[in-house]
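Reviewing the structure listed below.
Worth saying up front: this structure is predicted, and the values here are computed from it rather than measured. The sequence lines fix the lettering, A, B, ..., with proteins before strands; numbering per chain opens at 1.
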Amino acid sequence: AGVDFLTNDITKPYWETGGKICEVNIQAGIDGMSPDPENSGFHFEQVFSLMFPEGTRTAIPMVVILEDGPSKTVAALNDVFKSQNLMVGRKTTTEVSIGNNLLVDVMGNAASEAVLWNPMIDAAIIQETAKSIEAYGLAYSVSECVILPRMPSNNDPETVKKILSTLTQTAVQAVVYNTDDKQLSDWVRSNDQERYYPVSLT
Amino acid sequence: KEKTEQMAILLALRAAEIMDIP
């Protein structure tokens with residue numbers, strides 16, 4: 001659909017300008033503004049090359065870590081991102097933050113959405129637990145990378161397998177897992193192992 | 001405890017490497 005939006009300054013977010021949607025069209029086409037069959041698609045090309053310049057990445061790094069309690073992996077990854085001066089959005093089991101700012105009174109999937117939809121962030125770290133996925137599902141269908149530090153132990157084994165499958169299916173780039181965890185390794189072996197990257201202390 | 005920390009760092013670095021983050 002095409003959404004017509006009125007604002008007095010398109011460079012600013014709507015919550016600053018107070019802009020409003022005035023019309024929604026079901027068969028939108030910006031080429032209609034200057035119809036020219038020879039240059040069909042020209043305007044779209046301009047829009048897309050502005051939004052996604054060639055060679056730049058079009059998605060921010062988004063990593064999901066499946067781990068209970070305070071996660072050292074979350075902390076380590078946060079350090080890596082921060083060392084690259086990236087603005088990190090984080091949802092952990094204890095806090096939700098954008099950079100150094102804590103978001104209060106937001107939990108669960110709403111917290112994941114608050115992080116992932118925040119236009120300020122350059123990278124996202126989402127911590128999940130098997131229990132929360134079992135209870136509430138996921139707030140997203142795609143992630144870049146899923147990290148599995150250990151096999152979740154506080155759920156019934158069949159449920160854990162379902163949770164692992166659901167979560168790892170979101171990873172478009174990779175699933176990085178601790179191969180020193182025997183149960184986790186066994187689970188990976190029983191799966192399609194493409195895109196799985198083992199990490200071992202030995 | 002130290003092993004958990006080492007593993008955490010290795011996992012984070014591997015993920016960053018895959019995502020082309022130096």
Side-chain angles (χ1 to χ4, degrees), chain A residues 55-86 88 90 92 122-127 143-151 171-181 184 195-202, chain B:
Chain A
T56 57
R57 65 190 301 155
T58 53
I60 61 165
M62 173 190 168
V63 185
V64 183
I65 294 158
L66 183 70
E67 192 168 25
D68 288 333
S71 165
K72 288 188 169 23
T73 316
V74 168
L77 196 64
N78 191 50
D79 288 344
V80 173
F81 284 152
K82 275 175 84 174
S83 72
Q84 298 302 309
N85 291 321
L86 298 176
V88 186
R90 284 189 304 166
T92 72
D122 304 312
I125 302 172
I126 305 290
Q127 183 184 1
S143 68
E144 192 162 2
C145 188
V146 167
I147 301 181
L148 305 173
R150 65 180 62 82
M151 193 69 161
V172 293
Q173 283 255 27
V175 176
V176 180
Y177 70 100
N178 173 5
T179 188
D180 294 344
D181 185 309
L184 198 54
R195 297 179 296 118
Y196 279 69
Y197 295 81
V199 169
S200 170
L201 283 181
T202 53
Chain B
K1 197 172 179 185
E2 201 173 278
K3 278 190 173 176
T4 313
E5 201 153 330
Q6 284 173 1
M7 176 52 75
I9 293 167
L10 286 178
L11 289 167
L13 290 175
R14 190 77 178 101
E17 185 189 358
I18 290 162
M19 293 183 300
D20 277 338
I21 288 157

- Would you say B:M19 and A:V63 make side-chain contact, with heavy atoms under 4.5 Å? yes

- Indicate yes or no: at least one non-hydrogen side-chain atom of A:R195 is less than 4.5 angstrom from one of A:Q173. no

- Message: Between B:I18 and A:E144, is the side chain to side chain contact (heavy atoms under 4.5 Å, CB included) condition met? List the steps.
- Response: CA-CA 10 Å; B:I18 290 162; A:E144 192 162 2; over 6 Å; no

Segment of [X] engaging chain B (4.5 angstrom heavy-atom cut-off):
| X | value |
| --- | --- |
| A:L201 | both |
| A:S71 | neither |
| A:F81 | side chain |

- Query: Distance-only, no hydrogens or angles: does the A:E67 side chain make a donor-acceptor pair with backbone N or O of A:Q127 under 3.5 Å?
  - Reply: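 The answer is no, because no donor-acceptor pair under 3.5 Å joins these two groups.
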
- Take A:L66 and A:V146, measure what side chain to side chain contact (heavy atoms under 4.5 Å, CB included) needs, and give me the verdict at the end. CA-CA 8 Å; A:L66 183 70; A:V146 167; 5.6 Å; no

- Choice from A:V175, A:N178, A:L77 maximising heavy atom contacts with chain B below 4.5 Å: A:N178

- Task: Counting only heavy atoms closer than 4.5 Å, note whether B:I21 contacts chain A via side chain, backbone, both or neither.
- Result: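 Side chain of B:I21 only, per the 4.5 Å heavy-atom cut-off to chain A.
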
